[in-house]
Peer 1: 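Here you go, one structure.
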Number of protein chains: 2
Amino acid sequence: MTQKSGIAAVAETAGVSVSTVSQVLSGNRPVSEATRAKVNAAIAELGYTPHPGARSLRSRRTESIALLVPDITNPFYPLVAVGMQDVLLPAGYLLSILDAGSQSGTGRLLGHVLERRFDGIALHIDGLSDADRARLAESGTRVVALGRDIGIEGSDYVESDDAGGFAKLGEHLLGTGRRRIGFIGGEEESDPSRLRLGGLRQAFAGAGLGYDDAATVFTSFTRDGGRDGIAALYERRTDWDAIVCANDLIAIGAMDELRRRGLSIPADVAVTGYDDIDAAALVHPSLTTVENPAREIGRTAARLLLTRLAGDGDDAPTQHITLSTRLVVRDSTTSPIPQER
Amino acid sequence: MTQKSGIAAVAETAGVSVSTVSQVLSGNRPVSEATRAKVNAAIAELGYTPHPGARSLRSRRTESIALLVPDITNPFYPLVAVGMQDVLLPAGYLLSILDAGSQSGTGRLLGHVLERRFDGIALHIDGLSDADRARLAESGTRVVALGRDIGIEGSDYVESDDAGGFAKLGEHLLGTGRRRIGFIGGEEESDPSRLRLGGLRQAFAGAGLGYDDAATVFTSFTRDGGRDGIAALYERRTDWDAIVCANDLIAIGAMDELRRRGLSIPADVAVTGYDDIDAAALVHPSLTTVENPAREIGRTAARLLLTRLAGDGDDAPTQHITLSTRLVVRDSTTSPIPQER
DNA sequence: CTGAAAGCGCTTACAG
DNA sequence: CTGAAAGCGCTTACAG
């Protein structure tokens, strides 16, 4: 007996042909119960695992999906990953999370990712260069974008309803009687900053009120940004009764600076964030915020990819899915008792 | 001209043999400058990318490494991943992060991971079943363990010096004059709980003091665990001047409960954590803790894998690397001013 | 329901 | 320094 390996060894042990073993494995054509049993016994006896390289060489599929993120230490992305796995594992796909380390690193990693011939790629990227867009389109790899359209024919995308979330925050604050409401954005040129401010304006308009441009400042999406934002707003006026921040980190920095100035939250001034990161519930007072449905974004992205991979969908129009967000009211806007010391 | 693809198309365009193209790609044997130039021109013209499946089928290598973690939403693991990438990308390996979703999920995912024939796997797992250990050993895949030995011949492991970190915390507290120091552990049977308490005892012994067993309680590694721990400790006595917690989450819960009881941190009682998660700097007062060198753990694990993969190391003895930890002193033990309101 | 054979795209001895 | 050929382990028409 020659020393065979792989599927040939299984075939020999089971006393059937190599093709029959393959059919048992794939289920692509009917196999008699007796044969199937012999083959499965041989597989178990030999501890056989198909070689994925050989498989993909023929089938042109790798059964793996990549999630390419700019910064895996940002807690938003692990949640997206978990959501994608929810959908992909039961469908037989393996999800690989690839960290580019930064927005600019994404382009650099893209080449490596395309080389590996993943069946599909999910990516969250701010500025995709024309060269990268062309590489993606040519590669034939299915792409789903998170957060924004990346402008490739047939590439679907999923985003959360930022504007709606800020409209809810605005309504909540207006509903509790706050009127002198400042806004601290992240980088002024960023899409999220604009969309989020837009949602706040919408809440004011809905209540028949105008929103004053002098009530907005733009800094950066960081804790320091929040501190700077408060400093800038309090130079303009000092009677704010609420501060809406473009994300939770800004809000936490804003609370630091408000506390340093001897102001009480929420008795003197209410503060809100966005994203509902873990820290939002950990800080004191706990932060009213909006849940960014990261996990659901991941699930949706995975479903869109699977649909495209199932074929037939090649000529389907690009899909754009917007997920609604949920207001999470905590103590920073509504604490009934005066702040404890 | 027949319609070739892959390396054959490159060979035809360049007017050389398929083997020569392969040699240019791999650098495995000398190629004349002129030939190399022709081949590279053809590669660029055709936008050729080698097929990884075909490559691994022959070479028995995938040039990819997997990091298998129990819960990617635990911020410790993304940092480990970043550290591994620091080392692996320059070496030409792609790192795939795979999330098992839970400790128990790790075994379930292991089969899928082994099927993919990664060249190496890094994993952090508490209880590896004998069956899984056998599967890992048989697969021939290189394994490096994070946090503990998994008992496979030739599998190195990396851990951080928990005991040393707690010894530093203990010395810091004793040095600031605290003596009535309680300890809130996680699950009592867990290795980390034992090791960490051991470090604290060591600090007392070093100062010529004894440590009282009645000063320890075990709960769980969560925020709720911290609340419960305080309740349990204050049933025993009420004059604690410091609480050492087995991780940051416990510490944050402990601070919640101390504050609720009207105690001031650190004026009445100091609190310490472990890990230095982001939230440790975000809470108020900011938390004195110990940095768990996650990124360095990742780097070290990656280096160990690469060394083994470079061969020659097959018969090298198992390596066990312990990384030292760093004390991070913040306001929860030393705030010079009375706590602000 | 089953088998023999071609071929996916590479790498690697073997020859020259 | 270069080429022809075998073969890695599968899947998939083609035949029966």
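Everything quoted here is computed from the prediction, not taken from an experiment. Naming: A, B, ... by sequence-line order, numbering from 1 per chain.
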Peer 1: Tell me: CD of B/Glu33 to C1' of D/dC1, nearest whole Å?
Peer 2: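 For the pair B/Glu33 CD and D/dC1 C1', the rounded distance is 13 Å.
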Peer 1: Measure CG/A/Leu46 against P/D/dG9 and give the value in whole Å, please.
Peer 2: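 Atom CG in A/Leu46 sits about 13 Å away from atom P in D/dG9.
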Peer 1: Whole angstroms only, please: what is the CZ-C1' distance between A/Arg60 and D/dC10?
Peer 2: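 For the pair A/Arg60 CZ and D/dC10 C1', the rounded distance is 13 Å.
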Peer 1: Assign the ring pair B/His320 / B/Tyr157 to parallel, tilted or perpendicular, where the plane angle (0 to 90°) is split at 30° and 60°.
Peer 2: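 Answer is parallel, since the angle falls under 30°.
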Peer 1: Which is more 5' along DNA chain D, the nucleotide nearest A/Gly6 or the one nearest B/Val16? Just name the residue.
Peer 2: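 Result of the comparison: B/Val16.
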Peer 1: Under the side chain to side chain contact (heavy atoms under 4.5 Å, CB included) rule, collect the residues that match up with B/Arg303, sequence neighbours excluded.
Peer 2: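 Once residues adjacent in sequence are excluded, the partners of B/Arg303 under the side chain to side chain contact (heavy atoms under 4.5 Å, CB included) criterion are B/Val87, B/Glu296, B/Arg299, B/Thr300.
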Peer 1: Could you state the atom-to-atom distance from OH of A/Tyr48 to P of D/dC10 in whole Å?
Peer 2: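 Rounded to whole Å, this separation is 3 Å.
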Peer 1: Check whether any side-chain heavy atom of B/Ile121 sits under 4.5 Å from a side-chain heavy atom of B/Leu114, and report yes or no.
Peer 2: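 Touching, per the 4.5 Å side-chain cut-off.
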Peer 1: Looking only at non-hydrogen atoms, find the nearest pair between B/Ser324 and B/Asp161 and report the distance.
Peer 2: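 Closest approach of B/Ser324 to B/Asp161: CA-CB, 4.2 Å.
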Peer 1: Compare side-chain N and O positions of B/Thr20 against OP1 and OP2 of D/dC1 and report whether any pair is under 4.0 Å apart.
Peer 2: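 No, outside the criterion.
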Peer 1: Rounded to the Å, how far apart are B/Leu57 CG and C/dG7 C1'?
Peer 2: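 About 12 Å, once rounded to whole Å.
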Peer 1: Check the distance between D/dG7's P and A/Ile7's CD1 and give it to me in whole angstrom.
Peer 2: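 The distance from CD1 of A/Ile7 to P of D/dG7 comes to 19 Å, rounded to the nearest Å.
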Peer 1: Write down the partner of C/dC1 under the Watson-Crick or G-U wobble criteria, each distance required to be under 3.5 Å.
Peer 2: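 D/dG16 is the nucleotide pairing with C/dC1.
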Peer 1: Please report the closest heavy-atom contact between A/Pro192 and A/Arg148, naming both atoms and the distance.
Peer 2: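 Scanning both residues, the minimum pair turns out to be CD-NH2, 4.4 Å.
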Peer 1: Separation of A/Ile43 atom CD1 from D/dC10 atom C1', in whole Å?
Peer 2: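 Interatomic distance, CD1 of A/Ile43 to C1' of D/dC10: 13 Å.
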Peer 1: Minimum heavy-atom separation for A/Ala301 and A/Leu146, please, with both atom names.
Peer 2: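 Between these two residues, the closest heavy atoms are CB-CD2, 3.6 Å.
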Peer 1: B/Arg55 side chain N/O closer than 4.0 Å to the phosphate oxygens (OP1, OP2) of C/dT11?
Peer 2: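 Yes, B/Arg55 has a side-chain N/O under 4.0 Å of OP1/OP2 on C/dT11.
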Peer 1: Using modelled atom types and a 3.5 Å cut-off, is there a donor and acceptor pairing between side-chain atoms of A/Arg61 and backbone atoms of A/Asp119?
Peer 2: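 Between the backbone of A/Asp119 and the side chain of A/Arg61 there is no qualifying donor-acceptor contact (under 3.5 Å).
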Peer 1: Tell me the interatomic distance from A/Arg117, atom CZ, to C/dC10, atom C1', rounded to whole angstroms.
Peer 2: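 After rounding, the gap between these two atoms is 11 Å.
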Peer 1: Regarding A/Thr35, tell me which of base, sugar-phosphate or nothing describes its non-hydrogen contacts under 4.0 Å with the strands shown.
Peer 2: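 Touches sugar-phosphate only.
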Peer 1: For nucleotides 12-16 of chain C, list the nitrogen or oxygen atoms of the protein found under 3.5 Å from its nitrogen or oxygen atoms, one pair per line.
Peer 2:
| from | atom 1 | to | atom 2 | distance (Å) |
| --- | --- | --- | --- | --- |
| C/dT12 | OP2 | B/Asn28 | ND2 | 3.4 |

